[in-house]
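Below, chains carry the letters A, B, ... as their sequence lines are ordered, and counting in each starts from 1.
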Protein chains: 2
Amino acid sequence: MNLKQLSELLGLSQTTVSRALNGYPEVNEATRERVLQAVKETGYRPNKAAQRLATGKAGSIGLVMPTAPGHQSDVHFGEFLAGLGEESVRHDFHFVIMPSDPDDEVAALRRLAISGNVDALFVAYMRGHDPRIPMLKSLSMPYVVHGRSFGSEPDYPFLDIDNEGAFYDATRLLLQLGHTRFALMNGPMHLDFAIRRKNGVISALAERGLTLDEDCMSHALMTDEQGLLAMERFLQLPNRPTAILCSSTVLALGAIRAVNQAGLRLGEDISLIAHDDVLPLLKPESFSVPLTTTRSSLRAAGARIAQRLIGTVKQAGPFPDQELWKTELIVRASTGPAPQQL
Amino acid sequence: MNLKQLSELLGLSQTTVSRALNGYPEVNEATRERVLQAVKETGYRPNKAAQRLATGKAGSIGLVMPTAPGHQSDVHFGEFLAGLGEESVRHDFHFVIMPSDPDDEVAALRRLAISGNVDALFVAYMRGHDPRIPMLKSLSMPYVVHGRSFGSEPDYPFLDIDNEGAFYDATRLLLQLGHTRFALMNGPMHLDFAIRRKNGVISALAERGLTLDEDCMSHALMTDEQGLLAMERFLQLPNRPTAILCSSTVLALGAIRAVNQAGLRLGEDISLIAHDDVLPLLKPESFSVPLTTTRSSLRAAGARIAQRLIGTVKQAGPFPDQELWKTELIVRASTGPAPQQL
DNA sequence: GGGAAATTTCAAAGCGCTTTGACAACCAAC
DNA sequence: GTTGGTTGTCAAAGCGCTTTGAAATTTCCC
C-alpha cells in the first residue's frame, strides 16, 4: 500500500492525503478523519526512503561508538545509549551508530555526517582541544557535545556536568574530615572530564596549601582491574594516602578489592569518594561498605541530549545551547575521619 | 554535487556514470577510470535516500535494544554491539537501534521491520516459545536469532552457544572433584539460555543420581547485587552447597563478595564455575582467586551474526543457517576438591 | 565491404513521497 | 450580482538515484 493507492481508494489526491497525514491546516477536518480511518484499516505506512528523499530529513540522530578489536566496550556507553534511546523512541526517531576506531573518530564522524543518514550528531568522550569541535562547526548539521573540550572556546552546544565542582566538593569533604594525604584515581588523561576533575581536586587542596603528588595520581581506563592496580600502587607508597577520589564506581570496585586484600578497612583506614554515573549495575549503596559518591545520571544526560537534538531538527522551539549540570554529593559509609597519625 | 551534475561534467549520461560507479560490466574500462577520477576530484557522494528509494535497500541492519526507565542497561548488550559494529562498519553498513520496553519487543520489532529503515533484523534475549519467532517468519526480511527459543521448532536461522553442554561439562568437572551439593545461579528464568544451562546441570547430576534442589537455584538479573543476594541465601542453607555454577562473571562478582564476607575461601570451601562472555571489563583471570569458566566470546558472536546478515542482504553466497558454538572450559583456581565432610 | 554480433552509451521511466502554484467552491459584503 | 477573501482540493514538478529497453558504435568474420 502506497500513497497513490491510498488516495485512489479514498477518491482524493495524493496531495490531500499527504497533507491530512502530516497535520497541515488546509484540510477539512472531516476529510482528515476519513484519511486517518483509512490508514488504520489499510495499515498504510509512508515509505521512509521516499519521505527522506522528498524532505531531506532522515528522522534519525547519529553517533560514533568507539570500538576496535580488543577495545573496551564501555559500560558507561551502554547506559548513555539507553537514555538517548528512551527519548528518541518517544519522537519516532531512531539512531544510527557508526562504530569507529577511537583514533579515527573525526573521520568517522565526517563519514556519518555526509552519509545522509542522519539529521543531527552527538559526540562524546571529549578530549582537550578536541579536533571534532572545529569539524562539527564546519558542518551545517545540528549537534550536541556531551562534555566539553578543555582548551577550546566554549561556544558550541554542549551538555556537561560540573566535573571540577564535583571533585572540588568531594575533596573539601575529605579535608574537613582531617585527611591530608590524597590520591586521585582518574580516567584516561586526555579526556576532558579527567582534566577537570583533577583541577577540582588540586584547587581544593591548594586552599589548604596541599598538593597532589604525581605518585598519587593514576590515569587509566575505568575498569575494575585498573582500579585494583592503581590502588595497590597507592597502598605501597611510603606515606600512603588515606583519602581516595575515584572517577567511577567501576574503578572503585577494583580499588576496594585492593583495600580488602591489604587488610585495611574502608571508611576507617581509607576513605573513598567515587563519582557515580548511576549505573544500574553498580549501586553505590549496595557495596559492602556503601560508597560516598558524587552523583549525576548518565542516562538522564542521554535523554536530555536526545531531546535537544530532536527538538532542533524538528525546529521545536529554542533550547539552551549550553548546560552545566551540578552533581550531588551523597555521603555514605566509605568516608570517615582521617585515621590517627601512627 | 549530484549524479546529474557529475554526468554533465563528464559528458556522459547518468546511466553510464551510475553503472561505472556500481561496478557493472557493460562499461568501458577507460570510461570507468574517468568517472572514478572525477568522483575523487569532485568528492561526489551518492545520495543515500535516493539510492534507497531506487533500490529498496537501506544498507543497514536493525535491532531492538531492551530499555525502559529504570531497566538495566546490560553490559552484555554493549559487548555484543561492539562485535556487530566492527563487522558492519567493514561493509559500510550501519545499524539502527530501536529502543523498546522489554515487554513490548514484538511490536517494536514489527515497527522496525516495516519502518523501511533496515534490510535485516537481529534479535536476542530469546525466551522459551518466543513469540518473535513466528513474527519474524511471517516477515519477508532476513534475520538471525542470537540464541534459540526453547520449545519452538529450530527451523529458523540462529547462532547459539551450546549452553547445555557448557553447564553439563562444568557440572561434571565439579562432580569429579567430589562435590555433591550443588547450586545454580542463573539468569532470568524465562530466558532460553537459562533453561538450557539448568538442563545441563540437571542431566549431569542425574547421571550420579543427584538432583538440584529448588532452594539451590536462583533466577535473577545478572548483576553483582543479585549475585551477592543469591549467594547469601545459599550459604545460609542448613546443608549448604559447596559447588556453585554461575551464569555470568558479573553474578560471580557478587557471589564472591558473599563468600568472602562469610569468611569462606573460594576454591577451597566453595568451588565456583562461571560462564564467561569475555567481557573486557571483567577478566576471570584477574579475580583475586582466578575463576574457572566456560568461555565464549559475545563479541565474536556479534561479529559473526553481522557477517551473516550482511552477507544475506548482499546475496554474497549462502551461510549456514544454524550454528551452535562450543564453549571452552577453562580451569583456574576457583575450583578445587570438595571439602572434607564435617 | 557488408552484415551479424558484441560492446558501449543513452533517454526515459520509475521508486513513493512532499510541495508549489493553480483552481474550484463557498461564503460574506457591498 | 459582482467582487474579494477563505477553504479545500488537485495536477504536476521535483527529490537523486537505478534500471529497462533501445540506439549507436565498434568489432569480427567471411
Side-chain angles (χ1 to χ4, degrees), chain A residues 1-39 42-60 92 113-119 140 313-315, chain B residues 1-39 42-60 92 113-119 140 313-315:
Chain A
M1 172 66 59
N2 61 21
L3 185 61
K4 189 170 171 198
Q5 294 166 334
L6 182 65
S7 61
E8 278 166 4
L9 189 79
L10 283 160
L12 289 170
S13 73
Q14 295 190 39
T15 312
T16 305
V17 177
S18 169
R19 294 216 149 127
L21 259 37
N22 294 320
Y24 281 68
E26 53 269 80
V27 153
N28 192 319
E29 264 321 305
T31 311
R32 192 190 304 276
E33 274 311 312
R34 265 184 68 213
V35 172
L36 260 29
Q37 186 58 36
V39 166
T42 60
Y44 164 77
R45 306 234 44 188
N47 176 310
K48 278 276 186 192
Q51 260 177 339
R52 271 180 208 199
L53 182 55
T55 60
K57 297 269 163 254
S60 66
D92 195 27
I114 63 180
S115 76
N117 284 317
V118 299
D119 301 316
S140 51
V313 171
K314 288 193 173 171
Q315 286 153 328
Chain B
M1 172 65 61
N2 60 21
L3 186 61
K4 189 171 171 197
Q5 294 167 334
L6 182 65
S7 61
E8 279 165 3
L9 189 79
L10 283 159
L12 289 170
S13 74
Q14 295 190 39
T15 312
T16 307
V17 178
S18 170
R19 294 216 150 130
L21 259 36
N22 294 321
Y24 281 68
E26 52 269 82
V27 152
N28 193 322
E29 265 319 306
T31 312
R32 193 191 303 276
E33 273 312 311
R34 266 184 66 214
V35 172
L36 259 30
Q37 186 58 36
V39 165
T42 59
Y44 163 78
R45 307 233 41 188
N47 177 310
K48 277 278 186 190
Q51 258 176 339
R52 273 181 205 196
L53 182 55
T55 60
K57 297 266 163 257
S60 65
D92 195 28
I114 62 180
S115 77
N117 284 317
V118 299
D119 300 318
S140 50
V313 171
K314 288 192 171 171
Q315 287 154 326

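- Proximity of B:Tyr24 to the phosphate of C:dT9: no side-chain N or O atom is located under 4.0 Å from OP1 or OP2.
- The nearest pair of heavy atoms linking A:Ala49 to A:Asn47 is N-OD1, 2.7 Å.
- Remark: B:Ser13 is in phosphate contact with C:dC10, judged by side-chain N or O atoms under 4.0 Å from OP1 or OP2.
- Listed for the A:Ser7 side chain is a donor-acceptor partner under 3.5 Å among the backbone atoms of A:Leu3.
- Atoms CD (B:Glu29) and C1' (C:dT9) sit 15 Å apart, rounded to a whole Å.
- Rounded to an integer number of Å, the gap from B:Glu26 CD to C:dT8 C1' is 9 Å.
- The residue A:Ser18 sits close to a base: some heavy atom pair falls under 4.0 Å.
- One cannot find a donor-acceptor pair under 3.5 Å joining the base of C:dT18 and the side-chain atoms of A:Thr15.
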- Query: Can A:Leu6 and A:Leu12 be said to form a side chain to side chain contact (heavy atoms under 4.5 Å, CB included), step by step?
  - Reply: CA-CA 9 Å; A:Leu6 182 65; A:Leu12 289 170; over 6 Å; no
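- Not one N or O on the side chain of A:Arg19 forms a donor-acceptor pair closer than 3.5 Å with the backbone of A:Tyr24.
- Contact annotation: A:Asn22 side-chain N/O to C:dT18 OP1/OP2 distance is under 4.0 Å.
- Where A:Gln14 and B:Ala54 each meet DNA chain D at their nearest nucleotide, the meeting point lying more 5' is that of A:Gln14.
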